[in-house]
Amino acid sequence: MTDKKFIVVAIDGGAASGKSSTSKILSERLDLMYVNTGSHYRSITWAILEGDVDFKNERSIIEVLKTLPIGHLVEGKEARITLNKQPFGEEIRSEAVNNAVSLVAAIPVVRQYLLEHQRSYSNLAKNAGFKGLIMEGRDIGSVIFPNADFRFFLTADEAERARRRQLEGQVDSIQKRDQLDKTRKTAPLTCADGATMIETTHLSLLEVAEKLQAIIQSGKDT
Ligand code: DC
């Protein structure tokens, strides 16, 4: 590991590219606070769908966001978002949320709403005594923590990613979501300049984690 006491690890990639499984393994092994930012967008999407708000109407979205003060809840190594003091569970993995989340994540005011919150996890992890923070998403290495100590971008071919989702029992149009996430104007899904790209199609998730762990422990900044 680097001599620095506290490290920030950014993991980006498309849907079902192995980000969550890999991040959780590394979080356990290296004592890093784990944050899944996809669930931030999913929670907001769920609240918008529940409120029956037209997510194409930015003004209505702002009104909803005003009623949802953001907080966090630390459970074990994971820190989760709360909206109006409420954490979210499996409801944010529903087909309805899968279908709407990329549209909501493309709305600049929603991204703006989450930006400072997501950056604040670094201090949260430091103050809670973790050795670092591992955050996964689509724009962590490009926008949220462009100066992270380690930035990785995971890829896998589409058939393999669809297979992984199926094994999780989820109905999810990953190709459609990736297309929307890549082509939006604000903070699109991209491999940030200088980030390390890892092809995971033929690797088990454990092997991916091992690969990242070796890079982190050799202290080679990306
Ligand atoms: O990681 P996930 O598949 O649960 O993410 C759900 C959606 O949230 C994804 O399709 C795009 C959006 N997202 C984003 O725009 N930026 C992030 N940092 C994380 C997720």
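All values reported here derive from a predicted model rather than from experimental measurement. Every number for a ligand or one of its atoms is a count from 1 in the order of the listing. Both backbone and side-chain heavy atoms feed into the values below; hydrogens, waters and symmetry mates do not.
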Counting neighbours of CG on Asp54 that are heavy atoms of other residues, nucleotides or ligands and sit closer than 6.0 Å, is the number greater than 12?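 Yes - once you tally the heavy atoms of other residues, nucleotides and ligands closer than 6.0 Å, there are more than 12.
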Is atom CG of Asp193 surrounded by more than 12 heavy atoms (other residues, nucleotides or ligands) closer than 6.0 Å?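 Not more than 12 within 6.0 Å, no.
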Identity and distance of the protein heavy atom lying nearest [atom]:
atom: atom 1 (O) of ligand 1; answer: Arg138 NH1, 2.9 Å
atom: atom 12 (C) of ligand 1; answer: Ala105 CB, 3.7 Å
atom: atom 19 (C) of ligand 1; answer: Thr37 OG1, 3.4 Å
atom: atom 4 (O) of ligand 1; answer: Arg42 NE, 2.7 Å
atom: atom 11 (C) of ligand 1; answer: Asp181 OD2, 3.2 Å
atom: atom 6 (C) of ligand 1; answer: Arg177 NH1, 3.3 Å

Any sub-3.5 Å donor-acceptor pair from Asp12's side-chain atoms to Gly141's backbone N or O?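 Yes; at least one donor-acceptor contact below 3.5 Å.
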Backbone of Ala105 reached by a side-chain donor or acceptor of Arg111 within 3.5 Å: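 A pair under 3.5 Å: yes.
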Could you tell me, atom by atom, which parts of ligand 1 come under 4.0 Å of a heavy atom of Arg111?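 In order of number, 14 (C), 15 (O), 16 (N), 17 (C).
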Residue Arg93 vicinity, atoms of ligand 1 by number, heavy atom under 4.0 Å: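 Counting from 1, the qualifying ligand atoms are 4 (O).
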Polar atom proximity, Ser102 to ligand 1 (N or O, under 3.5 Å):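 Ser102 vs ligand 1: N/O contact under 3.5 Å present.
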Polar contact flag for Asp139 and ligand 1 (N/O pairs, less than 3.5 Å):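 Asp139 vs ligand 1: N/O contact under 3.5 Å present.
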For Arg80 and Asn36, does a side-chain donor sit closer than 3.5 Å to a side-chain acceptor?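 Side chains of Arg80 and Asn36: no pair found under 3.5 Å.
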Pairing donors with acceptors under 3.5 angstrom, does anything connect the side chains of Tyr34 and Glu28?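 No, because no side-chain N or O of Tyr34 sits under 3.5 Å from a partner of the opposite role on Glu28.
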Students often mix this up, so state it plainly: with edges at 30° and 60°, are the rings of Tyr121 and His117 parallel, tilted or perpendicular?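 Tyr121 vs His117 ring planes: perpendicular.
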Under the criterion side-chain hydrogen bond (donor to acceptor under 3.5 Å, both in side chains), which of Asp181, Thr45, Asp178 is the partner of Ser102?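 Going through the options one by one, the only one that passes is Asp181.
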Measure the distances from the heavy atoms of Arg184 to every atom of ligand 1 and state whether one is below 4.0 angstrom.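 Checking ligand 1 against Arg184, which is what was asked, there is a heavy-atom contact under 4.0 Å.
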